[in-house]
Amino acid sequence: MAVALERVGLQRPAYRMWEWGQTAYALPELLFPARRLGSDGLPLPPPLLRVQVSGTARAEEFIAQSHRAARTVRDMVRLAGREFEALEAVFDFGCGCGRVMRRWSDVSGPAFVGSDYNRNLVDWCRTNLPFASFEVNGLTPPLPFADEQFELVYSLSVFTHLTEPLQNEWIAELRRVTKPGGLILLTTRGDAWAWKLTSQERARYDRGDLVVRYREVTGTNLCAAFHPSRYVRELLGRSFALKQSVAVGLEDGLQDVHLAERTD
Ligand SMILES: C[S@@+](CC[C@H](N)C(=O)[O-])C[C@H]1O[C@@H](n2cnc3c(N)ncnc32)[C@H](O)[C@@H]1O
């Protein structure tokens with residue numbers, strides 16, 4: 001089915017329709033305005049924005065994903081021997097509609113900054129998550145930030161949607177904005193997703209190559225990247241020292257979470 005839609009150029013409109021269809025799960029919010037607040041007491045992004053970052057319009061699932069993601073960031077920072085609250089500046093690259101950022105609303109200490117290339121998502125964050133600041137960036141670097149501005153850069157479910165040239169450019173740019181001694185945390189889809197690959201894709205994956213589907217819509221969730229661990233080691237290793245990789249259940253399956261340090 002997906003192959004047939006792709007052949008006639010309908011994959012993208014079909015995906016858009018699927019995203020809109022998912023918003024039906026949030027119809028009660030139209031009738032009951034109180035439901036526009038999450039169970040965490042913060043404003044809920046509109047259903048379509050939730051679908052675009054989390055694949056679900058179900059409010060409780062969105063909030064549950066938010067807790068899992070933030071716990072993962074905290075756990076990894078602790079593993080590196082750092083205290084999250086003691087960090088000075090934290091950057092969420094590809095912040096979406098603040099699924100992770102909203103968890104820092106009551107954390108005092110670090111300055112929180114997010115950016116995304118989707119202006120609608122950034123506009124929602126600016127209006128609704130005033131404890132942090134947000135910028136729109138382009139599909140390609142640069143970021144509107146100074147060299148060595150952040151002690152922690154994290155990027156959840158973003159490199160999972162980028163082509164190989166963009167991944168290389170963004171790793172170099174994220175290094176530029178990370179302090180020496182600072183940390184980067186990013187997630188990829190690896191072995192837990194390899195069953196989805198065709199036999200040809202699987203052969204490339206097993207050789208250690210990145211596999212990217214729908215590269216022409218890079219940056220959207222339709223573009224799907226599959227990262228073998230060897231590829232991640234090479235990608236991150238050009239700019240950072242990889243410290244730890246673990247598989248964690250974040251949203252619709254396990255993602256590999258990688259933590260690395262800028263050593264120079
Ligand atoms: C699956 S969502 C994840 C959002 C957020 N990181 C989270 O965990 O909730 C992927 C996000 O990556 C963003 N994105 C994709 N390409 C980007 C780029 N080149 N620069 C910044 N953001 C990008 C998308 O707009 C989208 O918000």
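Just so you know, ligand 1 is whichever comes first in the structure, and atom 1 is the first atom listed for that ligand.
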Shell of residues surrounding ligand 1, defined by a 4.0 angstrom heavy-atom cut-off that is strict: V53, F93, G94, C95, G96, R99, V100, D116, Y117, N118, L121, N137, G138, L139, L156, S157, V158, H161, L162, W170, G219, N221
Salt-bridge criterion met for R262 and E151 (N-O under 4.0 Å): no
Lys/Arg-Asp/Glu bridge criterion (N-O < 4.0 Å) met for E173, R176: yes
Hydrophobic cluster (4.5 angstrom, side-chain heavy atoms) - remaining members for W195: none
Any residue meeting ring-ring contact (aromatic ring centres under 6.0 Å, His included) with F150, in chain and number order, not counting sequence neighbours: F91, F145
For H258, all residues meeting ring-ring contact (aromatic ring centres under 6.0 Å, His included), sequence neighbours excluded: none
S54 side chain to E61 side chain, donor-acceptor N/O pair below 3.5 angstrom: no
